[in-house]
Structures are given as C-alpha cells and as structure tokens.
Amino acid sequence: MTTDSPSSTDFVRRMIVEDNESGRFDGRVHTRFPPEPNGYLHIGHAKAINLNYGIARDFGGKFNLRFDDTNPTKEEEEYVQSIIEDAHWLGVDWEDRLLFASDYFDQLYDWAVQLIEQGQAYVDDLSADEIREYRGTLTEPGKESPYRNRTIEENLDLFERMKNGEFPDGSRVLRAKVDMASGNINLRDPVLYRILHATHHRTGDKWCIYPMYDWAHGQSDSIEGITHSICTLEFEDHRPLYDWFVEKLGIYAPQQIEFARLKLTYTLMSKRKLLKLVDEGHVNGWDDPRMPTLSGYRRKGYTPEAIRDFTERIGVAKNDSTVDFALLEHCVRQDLNQHSPRVMAVLDPLKVVITNYPEGQTEELFAINNPEDESAGTRKVPFSRELYIEREDFMEDPPRKFYRLVPGREVRLRYAYFVTCVDVVKDDDGNVVELHCTYDPATRGGDSPDGRKVKATLHWVSAKHAVDGEVRLYDQLFSSPFPEDVAEGKTFLDNLNPDSLTVLTGCKMEPSLAGVEAGQRFQFERIGYFCVDPDSASGKPIFNRTATLRDTWAKIQQRK
RNA sequence: UCGGGGAUCGUCUAAUGGCAGGACCGGGGACUUUGAAUCCUCUAAUCGUGGUUCGAAUCCACGUCCCCGAGCCA
C-alpha cells in the first residue's frame with residue numbers, strides 16, 4: 001500500500017519527519033492553503049490543497065484556509081465564496097480556521113512601524129518608474145534611493161500620514177531597508193506598503209494603504225503558527241526575504257518548502273488566461289466543463305475522489321513537469337467505473353423495427369445497474385417492436401474487424417434478444433434511415449440456449465418509451481498539448497480547439513432517465529460517463545460527457 | 001556574464017553508496033451479455049565527460065541544457 005504511493009515518501013513529508021525527529025516545532029505540524037480571491041480554484045490548486053491538507057491529516061496536525069487578500073483592486077467576494085465551496089467539495093476541513101490576511105492588517109501595520117523604528121524601513125518618494133530604474137537589473141546591482149536615509153522620526157510621520165490618507169495613490173511607498181546590491185532582487189529594498197484608495201471586500205474603507213504580498217505572507221504564517229509553509233517554486237527566492245522579516249521582527253519562524261506547480265497537457269493554469277477565456281466568452285463561465293477549474297470539473301462530472309487520487313499519484317517534487325492529461329482521465333474513469341450506475345442511451349439514433357415482434361407488445365427486461373457493485377441492484381427496461389440503436393453500430397459495407405450489426409448478421413441487444421438484420425431502408429439520397437431485423441424469442445435476456453455466439457452486444461432504447469435528451473460532448477479546450485507554446489505573433493487563443501463542444505439533441509434515453517437531478521452521474525453503456533447538467537429541465541435532461549469509455553475499436557480505426 | 005532551482009522509461013515518479021522499481025500512455029494476448037472493466041504480457045530511462053569507490057542515478061570536478069526572478073501583482 002505504501003510501496004507504490006509516492007506521496008508517502010515525497011521530499012516535503014521527509015523534511016517534516018526530520019523536523020519532528022529533531023523536535024524543531026515540538027512535533028507540531030500545521031499547514032495552510034493561502035489562495036488570493038481573484039479567480040476560481042483550478043486543478044493546480046487542488047494539488048496544493050490536497051498536499052497541505054493531506055500532510056496535516058497524515059501527521060495529526062492542523063490545516064488552515066487563509067485568503068491572501070492584500071490587493072483590493074483585484075479581489076472579489078464572489079471568488080471567496082467559490083473558493084470556500086470548491087475547497088469543501090474537495091473534502092478538506094479547516095474547522096474554525098477560515099482566515100484572512102486582512103485580519104492581520106493592524107498587526108502588520110504595527111510591525112511596519114517597528115521596522116521603521118529599528119531603522120530598517122523607510123518611506124520612499126520615488127515614482128514607480130524611478131524605483132524600477134534604481135532597482136538595477138538581473139546582472140547589475142541597484143542603487144540606493146535618495147530618500148533611503150530619512151530620519152526615523154520623518155519616516156514615522158510620513159508613514160502615519162500615508163495611512164491617514166494624506167497622499168494620493170502611488171505617491172509614496174514604504175520600503176524595507178535591506179540591500180540594493182543583493183544578487184537576489186527581492187532583497188533590493190522591497191516595497192512593503194503602497195497607497196491604494198480602494199474599498200476592500202472585508203475591511204471596507206478602513207485602509208488606504210495595503211501591504212504587499214511579500215510583507216503579509218510570511219508574517220501571516222507566523223501569526224497562525226504555521227510550521228511548514230508549502231508553496232510553489234517561484235517563491236523560492238522570496239524565502240530569504242521572509243526569513244529576514246521574521247528575524248528582524250523577532251517573531252516565530254515557519255519553514256517554507258517549495259514544490260513544482262502542476263502543469264497538465266492540453267490545459268492552462270494561468271489565472272490571468274483563464275479569466276480572459278471567461279471574459280471574452282471563449283467558454284461559458286468559470287464552471288464551463290471545459291475549464292480546468294474545480295467547478296468546471298465538477299460540472300463535467302469529475303468526483304473529488306478522482307481528483308484526490310490524481311493529486312496523490314502525480315507525486316510532489318521540484319522538477320518542472322507536465323502531467324499527461326490521460327492520467328487524470330484514468331483516475332476519473334477508475335472511480336466512475338466503480339460507482340456509477342449503468343444506463344442505455346442512444347446518442348445518434350437509428351430506427352430498428354423487429355419485424356417478427358408482435359405489434360403493440362411491451363415487455364420489461366432485467367438489467368444490472370452496476371456490474372462492479374452488486375448492491376446497486378437491477379432495474380427493468382422496456383422492450384418493444386421499434387427501437388433505436390447507435391447509428392455507428394451498423395455498417396452496410398463493413399471493414400475487416402467491424403463486428404457489430406451488418407446485413408444478414410446476428411448480434412445481441414444488451415439484456416434483450418439476439419437480432420438479425422434482414423433489410424436496410426434508405427431515403428432518396430441513399431442514406432440509411434431504418435433497419436429491419438428479426439429476433440429470436442429463445443434468446444430472451446441475451447443468452448442463446450443453443451450456445452450460439454455473437455461477436456457484438458449493442459445498447460438500444462425502446463422507441464415509444466424513450467426520453468428525449470440533450471448531450472453535450474466535451475473535448476479538450478485546446479488542440480495542442482502545450483497551449484502556451486505559440487509561434488511568433490500567435491497567442492494561446494490560437495490553440496483553442498474549435499470542436500471542444502458538440503451539442504447533440506434528440507438523443508434517445510431509457511425511461512429511467514426521465515427524472516434525473518443535476519449532478520447525478522451515469523455510465524451510458526458502451527459510450528462513456530455522463531453527468532446531469534444544472535441546465536436540465538424536468539423531463540428534458542441534459543448530460544455532460546465526463547469521459548469516454550476506453551475505446552479499442554476507435555483505436556483500430558485510427559490506425560488505418 | 002547576476003541570484004535561486006532542476007535534469008531518471010514517451011509522461012509522472014521511486015531508489016539517498018548495493019538487483020534502476022511503480023503508475024499512466026502505447027503494443028500483444030486471455031476473458032467478456034459494455035470492443036468497457038478485469039487479468040497476463042511486452043516495449044522503454046539515470047543530460048555529458050572525467051574522477052573517488054569492491055560497487056555511483058546517488059559522492060566530487062568540469063561542462064551542457066531547462067525553469068524562475070528586474071510589479072507600488074500574488
């Protein structure tokens with residue numbers, strides 16, 4: 001069980017074990033997930049959430065949900081709500097520790113004053129452009145601001161007046177006094193506070209100066225007693241700055257550990273780009289089933305269990321990596337195969353008349369709801385003289401390995417009878433519009449008493465009992481496995497897959513699907529997994545395709 | 001000619017001086033009232049060059065390549 005579970009031996013857990021053995025945090029383990037409420041959670045966040053929560057769970061520790069809401073110009077309450085909902089859906093529990101960096105604004109302000117008093121922070125009057133110029137470049141050191149050596153008294157006065165709203169946006173900032181020549185640009189006197197006359201989603205208009213993320217993040221972890229502050233690689237060279245802050249402030253120091261963020265083929269994780277997809281209408285909102293957001297996957301029919309399984313299988317490391325989308329899909333199929341009830345639905349109906357079946361007769365046939373789960377029971381499906389089968393299950397002139405219905409061939413209708421195609425009805429253009437078949441009454445239920453074998457079993461729906469439904473077929477949103485790799489002059493939008501959504505109406509479904517509710521998941525036998533969309537109306541179900549079944553026949557066809 | 005990270009099957013990830021293993025993908029087969037599931041099986045890797053060592057993916061040296069960093073974003 002632990003042998004093939006990389007999560008049990010990942011480097012993060014190993015470091016925590018070491019800390020526990022050395023008694024560094026008195027054996028405590030306390031993690032957190034710190035999202036900025038400026039977008040919806042995506043599958044990459046799920047990796048971070050499950051990592052942090054999983055560690056807290058495994059080590060008997062605690063887990064906080066904390067919003068890093070330090071920039072009121074980009075953050076919204078809608079995002080806070082969606083993040084809480086999605087995190088809950090994933091199955092993580094922060095007990096009563098729903099926290100906000102904005103809860104610490106007063107403390108952060110006091111600490112800024114402390115830094116000023118210690119001569120380690122100053123108010124800078126340089127413009128944003130000037131600050132950038134003074135910062136130097138990656139290869140050249142920066143130079144010190146002319147305001148760097150103001151007196152403590154002047155800094156204290158100016159900073160308080162910044163807080164009091166005496167200065168316009170952008171006119172001054174508070175900076176830490178670290179080292180303008182550092183090879184680490186984060187240490188070249190980073191900005192701590194900027195003036196922003198903006199309304200904050202929680203603190204309203206109380207503040208007109210807001211802490212920068214770098215100033216708020218480490219101290220927020222410190223306040224919360226976080227032991228292991230797990231974040232992504234790009235914050236690796238911010239760690240020295242966070243350590244500098246807690247040291248100068250003389251406060252509790254968490255250990256930051258960085259891991260590689262998730263990348264997935266055929267998908268984007270950039271919140272900026274996802275926002276663009278939503279804003280420009282390339283998708284129908286953050287919860288569009290083509291989005292890599294948790295709400296999108298949820299609407300598509302993915303389960304939190306499948307996502308958790310996925311986040312465990314991909315492991316945790318520092319290598320830049322791009323996980324094959326096929327692995328996510330594998331996890332989804334595995335879970336759904338285990339748990340979703342089977343039903344029959346015909347997506348592209350072709351009428352079949354059983355010519356030797358009595359007109360007006362209906363019989364109820366037993367069907368197994370889930371062969372993987374006996375407790376799911378059985379149900380009855382109505383059979384009658386006129387049926388629908390899948391159009392692609394018939395070929396008049398079949399290739400070598402096609403062993404479904406063809407003229408003169410016998411196949412099985414699942415749970416029903418063996419039928420043989422005896423006639424093909426066409427319209428004036430030569431399109432097949434109807435099939436005439438005969439059935440063998442002795443094969444009721446799908447078994448032939450004489451041991452006769454058929455190569456294929458087809459799903460079907462009784463025409464007069466069928467429920468009409470809509471089916472939304474989703475494919476990858478991007479046609480390229482690496483949508484962000486674009487040629488000169490192109491953007492990721494050029495990689496959008498024009499066929500990412502196909503809407504099928506007039507699909508014929510077995511009558512048990514008449515009263516389904518949004519969120520219910522099914523396997524349409526021989527086709528795939530589907531989830532009832534919230535757009536469904538009573539008697540008019542709409543299904544989103546979660547994933548296709550693995551399809552050996554499709555592979556054989558593609559090869560040629 | 002800056003600072004910080006990283007290179008193991010096609011992909012993700014183990015092995016932390018002692019048989020390079022697992023999963024996904026792909027190939028083949030068995031079974032089959034889902035061309036599903038399940039089962040069996042095959043393909044396939046230590047960035048390079050030296051060195052240390054009985055023994056190196058692992059330690060050392062020198063290279064090469066990749067990622068991140070110059071927001072008053074997070």
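Nucleic acid contact for A:Lys401: base, since at least one base atom lies under 4.0 Å from a heavy atom of the residue. No engagement by A:Tyr193 is indicated, since no non-hydrogen atom pair under 4.0 Å with the nucleic acid exists. Residue A:Pro35 is classed as having no contact, given no heavy-atom separation below 4.0 Å to the nucleic acid. Across all strands shown, A:Arg272 has no heavy atoms under 4.0 Å from either base or sugar-phosphate atoms. Contacts of A:Phe325 with the nucleic acid, taken as non-hydrogen atoms under 4.0 Å apart, are absent. Within 4.0 Å (heavy atoms only), A:Asp214 reaches no atom of the nucleic acid at all. Residue A:Val173 is in base contact, counting any heavy-atom pair closer than 4.0 Å across all strands shown. Heavy atoms of A:Glu525 sit under 4.0 angstrom from at least one base atom. Residue-level contact check: A:Gln334 touches neither bases nor backbone, having no heavy atom under 4.0 Å from any strand. Nucleic acid contact class of A:Tyr210 (heavy atoms, under 4.0 Å, all strands): none. Using a 4.0 Å heavy-atom criterion, one finds that A:His217 contacts no nucleic acid atom at all.
The phosphate of B:rG35 (OP1 or OP2) has no side-chain N or O of A:Arg550 nearer than 4.0 angstrom. Residue A:Lys555 places none of its side-chain N or O atoms closer than 4.0 Å to OP1 or OP2 of B:rG35. When the side-chain nitrogen and oxygen atoms of A:Arg239 are compared with OP1 and OP2 of B:rG69, none of them lie within a distance under 4.0 Å. Phosphate proximity of B:rG35 to A:Arg526: present, with a side-chain N or O under 4.0 Å from OP1 or OP2. Between A:His330 and B:rC24, a side-chain N or O to OP1/OP2 separation shorter than 4.0 Å is present. The phosphate of B:rA36 (OP1 or OP2) has no side-chain N or O of A:Arg342 nearer than 4.0 angstrom. Note on A:Arg14: a side-chain N or O is less than 4.0 Å away from OP1 or OP2 of B:rA15.
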Identify all pairs in which a protein N or O lies below 3.5 Å from an N or O of nucleotides 8-11 of chain B, and state each distance.
unit_1	atom_1	unit_2	atom_2	d
B:rU11	O3'	A:Thr322	O	3.3
B:rU11	O2'	A:Thr322	O	3.1

Taking only nitrogen or oxygen atoms into account, show me every contact under 3.5 Å that the protein makes with nucleotides 40-48 of chain B, one pair per line with its distance.
none

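B:rG71 takes the syn form, because its glycosidic angle lies no more than 90° either side of 0.
Sequence neighbours left out, the pairs with a member in residues 232-245 of chain A that pass salt bridge (charged side-chain N to carboxylate O under 4.0 Å, His left out) are A:Glu234-A:Arg261, A:Glu236-A:Lys318, A:Arg239-A:Glu258. Contacts classified as salt bridge (charged side-chain N to carboxylate O under 4.0 Å, His left out) and involving residues 214-223 of chain A (residues at least two apart or in different chains) are given here: A:Arg32-A:Asp221, A:Arg66-A:Asp221.
Within 3.5 Å, no donor on the side chain of A:Arg412 pairs with an acceptor on the base of B:rU32, nor the reverse. With hydrogens and angles ignored, a donor-acceptor pair under 3.5 angstrom links the side chain of A:Asp237 to the base of B:rG3. Residue A:Glu372 places no side-chain atom within donor-acceptor reach of the base of B:rU38, judged by atom type and a 3.5 Å distance cut-off alone.
In this structure, A:Phe245 and A:Gln219 have side chains that are in contact, with non-hydrogen atoms separated by less than 4.5 Å. A:Arg13 has its side chain within reach of A:Asp58: a pair of non-hydrogen atoms, C-beta onward, lies under 4.5 Å apart. Here the side chains of A:His228 and A:Ile55 are not in contact, with every heavy-atom distance at 4.5 Å or above.
If you take CD of A:Glu374 and C1' of B:rA37, they are 16 Å apart, rounded to a whole angstrom.
Side-chain atoms of A:Arg342 never come within 3.5 Å of backbone atoms of A:Glu525 as a donor-acceptor pair (strictly under, hydrogens ignored).
Separation of the A:Phe383 and A:Trp460 ring centroids falls under the 6.0 Å cut-off. Close placement of the A:Phe235 and A:Tyr213 rings is indicated, their centers lying within 6.0 Å of each other. Between A:Phe100 and A:Phe67, the distance separating the two ring centers is shorter than 6.0 angstrom.
Nucleotides B:rC60 and B:rC67 have their C1' atoms positioned 25 Å apart, rounded to a whole Å. Comparing the same atom, C1', in B:rC2 and in B:rU11 gives a spacing of 34 Å after rounding to whole Å. One P atom belongs to B:rC39, the other to B:rC24, and the distance between them is 10 Å to the nearest Å. Rounded to whole Å, the separation between the C1' atoms of B:rU16 and B:rA56 comes to 12 Å. B:rA7 and B:rC40 are spaced 33 Å apart, taking the P atom of each and rounding to whole Å. Nucleotides B:rU53 and B:rG17 place their C1' atoms 9 Å apart, quoted to the nearest Å.
In RNA chain B, stems built from 3 or more consecutive Watson-Crick or G-U wobble pairs, each with both distances under 3.5 Å, span B:2-7 with B:64-69, B:10-13 with B:21-24, B:26-30 with B:38-42, B:47-51 with B:59-63.
Listed by residue number, the members of residues 126-140 of chain A with any heavy atom below 4.0 angstrom from RNA chain B are A:Leu126, A:Ser127, A:Ala128, A:Ile131, A:Arg132, A:Arg135, A:Gly136, A:Thr137, A:Leu138, A:Thr139.
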